[in-house]
Amino acid sequence: MKNKKILVTAFFNFYCLVPLDFPIFAHEKLNVMENRRVRVRFAPSPTGPLHIGGVRTALFNYFFARQHGGDFILRIEDTDSQRFVPGAEEYINEALSWCGIKIDEGVIEGGRFAPYRQSERRTIYRQYAEQLVKTGHAYYAFDTPEELGERRKAAEATGKSFIYNYTIRNEMQTSLALSDEEVEKRIARGDQWVIRFKMPENEEVTMHDLIRGEVVVNTSTLDDKVLFKSVDMLPTYHLANITDDYLMEISHVIRGEEWLPSLPLHVLLYRAFGWTDKMPQFAHLPLLLKPTGNGKLSKRDGDKMGFPVFPLRWTSPEGEVSRGYREDGYFPEAFVNLLALLGWNPGTEQELFSMDELIQQFSLEHVNKSGARFDPDKAKWFNHQYLMRKSDGEVAAQYLQVLEEKGIKTNIEKAEQIVALMKNRVNFVHEIWDKATFFFERPSVYDETSVRKFWKEDVPAIMNELIALFESISTFEASIIEERLVAFIKEKEFSMGKVMNALRLCLLGNSNGPNAADVCAIIGKDEAIARLKQAISSI
RNA sequence: GGCCUGUUCGUCUAGGGGUUAGGACGCAAGGUUUUCAUCCUUGUAACAGGGGUUCGAUUCCCCUACAGGCUACCA
């Protein structure tokens with residue numbers, strides 16, 4: 001009992017005697033070792049469709065949560081009433097679900113920290129903003145947007161940039177300068193106001209990022225960010241984000257690098273609230289860059305460069321349509337796999353990962369610091385790998401749907417046979433149709449180079465003999481057809497290439513493609529003979 | 001402009017004070033196959049530049065360049 005008391009006093013002394021900045025930092029460090037339940041959140045704002053960078057952030061959060069037996073929370077940050085886009089929230093849910101992400105707590109799933117939509121939490125933020133005003137960490141400001149705009153313009157005219165911080169705040173209409181009565185009067189009569197964070201002057205803030213290590217920023221370069229606004233009585237991102245992370249007991253914040261500049265503000269907010277012992281650890285992910293040229297991947301790039309930037313097709317309220325990975329024919333597993341390897345690596349040479357393997361092997365230590373350029377070619381390669389590894393039956397089921405869209409009815413057996421022949425020749429299921437319409441349609445044209453190469457003078461006569469050969473085959477199966485063809489070629493002392501390529505040309509309209517006997521068996525004896533006759537008469 | 005972050009083959013990346021700087025995609029060549037694809041083999045190609053520190057730097061430090069992000073009563 002006594003020992004404990006001494007320890008507490010010692011800690012208290014330590015806490016108070018060292019400079020202000022240090023103990024808090026020490027405290028934050030303590031946090032690293034603290035053993036608390038892993039709770040991460042993906043917190044998009046519904047201002048449009050999620051793009052692949054956002055999906056990757058969600059994925060990394062998900063891997064991390066699952067690996068640590070923690071929770072994955074989806075929080076909708078819709079505090080910007082101006083930029084709300086209908087349908088965006090549904091899109092986010094559908095996209096995450098397509099990827100195979102299972103949300104533990106969210107708008108749909110509920111949870112013990114509900115609601116998970118910030119617009120529904122609006123009543124809780126103001127008290128926190130006010131708490132900061134009371135403790136001297138924030139203040140009311142009554143400047144109008146017009147005034148601020150003018151100030152900004154004036155500053156720019158003299159070549160300086162306008163920073164709303166310690167250098168200027170005392171000249172402004174704020175609760176720092178105005179009397180309490182005046183402030184109350186203005187609020188009561190309905191003047192527009194805002195609560196700003198009182199950014200300290202000339203303080204070095206040391207932050208620890210799980211990916212980047214220590215980052216130090218001097219607070220004098222930062223500004224007095226708006227925390228809460230009276231226009232819509234809503235918090236801005238910073239306040240809402242910090243209070244919700246705190247309230248929802250978030251342990252780790254894994255988000256895009258674009259948030260790194262606001263990390264000092266966030267850390268300072270935790271300090272101002274006295275929440276440093278509950279502050280999450282931060283990890284800022286490298287950005288996804290466009291395949292060519294400069295800049296981060298943006299919504300426009302996809303359509304310009306011929307690959308999707310969105311997981312799912314998106315139709316904007318204006319009717320503009322953007323492609324999606326799902327609609328382009330990507331398997332969700334392939335999509336997840338390729339995104340996982342953008343900015344992260346397993347430290348081994350493995351490239352193909354199931355969701356479970358990603359959950360097992362993911363590690364923030366192996367996340368890169370530098371931005372990753374998206375490579376559409378490699379994306380296709382991933383899908384090809386998954387396509388080849390899938391069973392014929394599974395692919396056939398999807399292929400059947402493609403056929404149905406083309407108005408073609410066939411059975412699963414035939415679809416499976418075709419898939420077996422085509423799987424390793426295509427990247428996407430829909431390409432099986434594109435590259436193998438000949439299974440359902442007689443060729444109408446014959447590839448010129450193939451004709452030049454294989455349709456020699458004596459070939460029509462040989463093809464005629466094949467007609468007779470086919471007619472003599474009673475059990476028209478691939479292995480038997482193959483056997484008889486080979487026997488015929490050997491007997492006549494032709495070369496395999498000469499006959500087989502010409503036959504393929506008759507059957508497919510091209511000499512490139514699957515084995516001729518296999519094709520014959522699938523299209524059937526009558527059709528095979530018909531195609532030989534057509535070729536002989538029309539080439 | 002200011003602040004922050006980054007920089008290994010064209011791209012994704014491994015590595016890390018002494019290595020033939022490894023893998024994958026792409027591309028090229030060869031092999032297998034009746035063709036194409038698959039598969040196998042091989043090749044192509046990189047430590048941004050300059051200063052330090054060191055016996056030695058691609059690896060550590062500094063500077064420069066370049067790239068990216070942020071700089072709203074957006075997230």
Side-chain angles (χ1 to χ4, degrees), chain A residues 43-47 77-83 141 143-145 148-149 152 156 159-164 192-196 209 211-212 215-218 220-223 225-232 234-238 240-241 255-264 284 286-287 289 291-292 294-296 338 341-351 366 368-382 384 388 421-426 435 450 453-454 485-486 489 494-505 508 510-517:
Chain A
S45 72
T47 53
E77 306 221 328
D78 55 350
T79 51
D80 185 357
S81 40
Q82 303 291 304
R83 298 206 307 158
D143 321 293
T144 64
L148 292 175
R152 199 162 283 127
E156 274 162 21
K160 288 180 201 157
S161 55
F162 173 72
I163 308 182
Y164 201 124
Q192 291 292 298
W193 50 267
V194 110
I195 293 176
R196 281 182 185 271
D209 181 276
I211 293 168
R212 280 148 223 283
V215 180
V216 184
V217 175
N218 188 298
S220 291
T221 63
L222 271 21
D223 63 344
K225 275 273 178 293
V226 171
L227 264 19
F228 196 93
K229 47 204 186 319
S230 67
V231 229
D232 49 12
L234 282 171
T236 59
Y237 167 81
H238 305 287
N241 188 266
R255 73 228 301 190
E257 197 191 338
E258 70 268 29
W259 292 111
L260 198 51
S262 48
L263 181 57
H284 290 88
L287 263 16
L289 274 19
T292 54
N294 304 331
K296 69 169 176 176
L338 75 93
L341 257 23
L342 246 29
W344 171 79
N345 73 81
T348 66
E349 278 171 9
Q350 186 179 349
E351 290 210 89
H366 276 116
N368 280 169
K369 294 184 177 79
S370 48
R373 227 175 256 280
F374 181 79
D375 182 0
D377 275 332
K378 190 135 189 190
K380 286 183 193 142
W381 176 82
F382 273 109
H384 185 213
M388 287 193 298
L421 293 182
M422 297 303 297
K423 230 169 40 168
N424 60 13
R425 294 161 210 268
V426 295
K435 290 201 173 178
S450 300
K453 215 165 159 192
F454 299 109
L485 274 170
V486 172
I489 292 165
F494 294 132
S495 77
M496 288 284 271
K498 181 185 177 79
V499 182
M500 291 298 200
N501 283 303
L503 173 57
R504 201 173 6 250
L505 177 58
L508 327 187
N510 196 300
S511 59
N512 294 350
N515 182 287

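Everything numeric here is computed off the predicted structure, so don't read it as measured data. Residue numbering restarts at 1 for every chain, and letters A, B, ... go by the order of the sequence lines. As a basis for the values below, the full set of heavy atoms in this structure was taken, side chains included, without hydrogen atoms, waters or symmetry mates.
Residue contacts for S450(A): at a heavy-atom cut-off of 4.0 Å it reaches no nucleic acid atom on any strand shown. V231(A) comes within contact range of at least one nucleobase, with a heavy-atom separation under 4.0 Å. Residue-level contact check: S511(A) touches the bases, meaning some heavy atom is under 4.0 Å from a base atom. Note on G347(A): nothing from the nucleic acid sits closer than 4.0 angstrom, heavy atoms only. In this structure, W259(A) reaches the bases: a heavy-atom distance under 4.0 Å links it to at least one base atom across the strands shown. Nucleic acid contact class of V499(A) (heavy atoms, under 4.0 Å, all strands): none. Residue R212(A) is in sugar-phosphate contact alone, with no base atom involved, counting any heavy-atom pair closer than 4.0 Å across all strands shown. Contact annotation for N368(A): backbone-only contact, meaning every heavy-atom pair under 4.0 Å involves sugar-phosphate atoms and none involves a base.
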Next on the checklist: Each nucleotide in nucleotides 22-32 of chain B should get exactly one letter: B, S or -. Can you fill that in based on protein heavy atoms under 4.0 Å?
Outcome noted: SSBS-------

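Phosphate contact (OP1/OP2 of rC74(B), side-chain N/O of S45(A), threshold under 4.0 Å): absent.
Nucleotide rC66(B): paired with rG6(B) (Watson-Crick or G-U wobble, both distances less than 3.5 Å). rA21(B) is unpaired under the Watson-Crick or G-U wobble criterion, no partner having all donor-acceptor distances under 3.5 Å. Pair check for rU32(B) finds none; no Watson-Crick or G-U wobble contact set falls under 3.5 Å. Under the Watson-Crick or G-U wobble criterion, with both distances below 3.5 Å, rA46(B) has no partner in any strand shown. Nucleotide rA37(B): unpaired (no Watson-Crick or G-U wobble partner with both distances less than 3.5 Å). With a 3.5 Å ceiling on both atom-pair distances, rU53(B) lacks any Watson-Crick or G-U wobble partner.
Atom NZ of K229(A) has more than 12 neighbouring heavy atoms from other residues, nucleotides or ligands inside a 6.0 Å radius. Counting non-hydrogen atoms of other residues, nucleotides and ligands closer than 6.0 Å to NZ of K453(A) gives a total of 12 or fewer.
For D80(A), the salt bridge (charged side-chain N to carboxylate O under 4.0 Å, His left out) criterion is met by R83(A), not counting sequence neighbours. Annotation: salt bridge (charged side-chain N to carboxylate O under 4.0 Å, His left out) contacts of K423(A) (sequence neighbours excluded): D392(A). Remark: K160(A) engages T158(A) in a side chain to side chain contact (heavy atoms under 4.5 Å, CB included) (not counting sequence neighbours). Here R255(A) pairs with nothing under the salt bridge (charged side-chain N to carboxylate O under 4.0 Å, His left out) rule; sequence neighbours left out. Evaluation of the ring pair (Phe, Tyr, Trp, His ring centres under 6.0 Å) rule for Y237(A) yields W259(A), H266(A) as partners, not counting sequence neighbours. Every side chain to side chain donor-acceptor pair (under 3.5 Å) that S81(A) has, sequence neighbours left out, goes to D232(A). By the side chain to side chain donor-acceptor pair (under 3.5 Å) test, Q350(A) is found to be paired with E357(A), Q361(A), residues two or more places apart in sequence or in another chain being considered.
The NZ atom of K435(A) sits 14 Å away from the C1' atom of rU35(B) (whole-angstrom rounding). Atoms NZ (K160(A)) and C1' (rU71(B)) sit 18 Å apart, rounded to a whole Å. Computed from coordinates, the K229(A) NZ to rA72(B) P distance equals 15 Å when rounded to whole Å. Taking atom CG on D232(A) and atom C1' on rC73(B), their separation rounds to 8 Å, with Å as the unit. The separation between L342(A) atom CG and rG68(B) atom P is 17 Å, rounded to whole Å. Atom P of nucleotide rC73(B) and atom CD of Q82(A) are separated by 13 Å, given to the nearest angstrom. Between N512(A) atom CG and rU33(B) atom P there is a gap of 18 Å when expressed in whole angstrom units. Regarding L222(A), its CG atom lies at a distance of 15 Å from the P atom of rC70(B), rounded to whole Å.
Judged by distance alone with a 3.5 Å cut-off, a donor-acceptor contact links the side chain of S161(A) to the base of rG1(B). Looking at R83(A), its side chain comes within 3.5 Å of the base of rC74(B) through a donor and an acceptor atom.
Separation of the P atoms belonging to rA46(B) and rU58(B) is 15 Å when rounded to the nearest angstrom. Going from the C1' atom of rU64(B) to that of rC70(B) covers 23 Å, rounded to whole Å. A distance of about 12 Å separates the P atoms of rA28(B) and rU38(B), rounded to the whole Å. Rounded to a whole angstrom, the distance from the P atom of rU41(B) to that of rC25(B) is 11 Å. Across the P atoms, rC12(B) and rA75(B) are found 32 Å apart, a figure rounded to whole Å. When the C1' atom is compared between rA29(B) and rC63(B), the two are found 45 Å apart, to the nearest whole Å. Between the C1' atoms of rC40(B) and rG15(B), the separation comes to 27 Å (whole Å).
Looking at the side chain of N345(A), the nearest of the listed nucleotides rC73(B), rG6(B), rA14(B) is rA14(B). When distances are taken from the side chain of A372(A) to each of rC12(B), rC73(B), rC74(B), the shortest belongs to rC12(B). Of the candidate nucleotides rU34(B), rU11(B), rA75(B), rU11(B) has the atom lying nearest to any side-chain atom of R373(A). Side-chain proximity of N501(A) to rC39(B), rU35(B), rU5(B): nearest is rU35(B). Which of rG68(B), rU35(B), rU38(B) sits closest to the side chain of L287(A) comes down to rG68(B). Candidate nucleotides rU34(B), rG6(B), rC73(B) were compared by shortest atom distance to the side chain of K369(A), and rG6(B) ranks first. Which of rC74(B), rC3(B), rU34(B) sits closest to the side chain of M500(A) comes down to rU34(B).
When the nearest nucleotides of RNA chain B are assigned to G513(A) and V217(A) by heavy-atom distance, the more 5′-ward of the two goes with V217(A). Looking at which nucleotide of RNA chain B each of M496(A) and H384(A) is closest to, the 5′-most match is held by M496(A).
Here the options are N501(A), N510(A), L508(A), N512(A), the test is side chain to side chain contact (heavy atoms under 4.5 Å, CB included), and the partner is S450(A); only N510(A) passes.
To the nearest 0.5 Å, the span separating NE2 on H384(A) from CE on M388(A) amounts to 4.0 Å.
Of all heavy-atom pairs spanning D223(A) and I163(A), the tightest one is CB-CG2, 3.5 Å.
Proximity of a side-chain donor or acceptor of D209(A) to a complementary backbone N or O of H284(A) within less than 3.5 Å is detected. Looking only at distances, no side-chain donor or acceptor of N368(A) sits under 3.5 Å from a matching main-chain atom of S370(A).
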What protein N or O atoms touch nucleotides 41-47 of chain B N or O atoms at under 3.5 angstrom, if any, and at what distances?
none

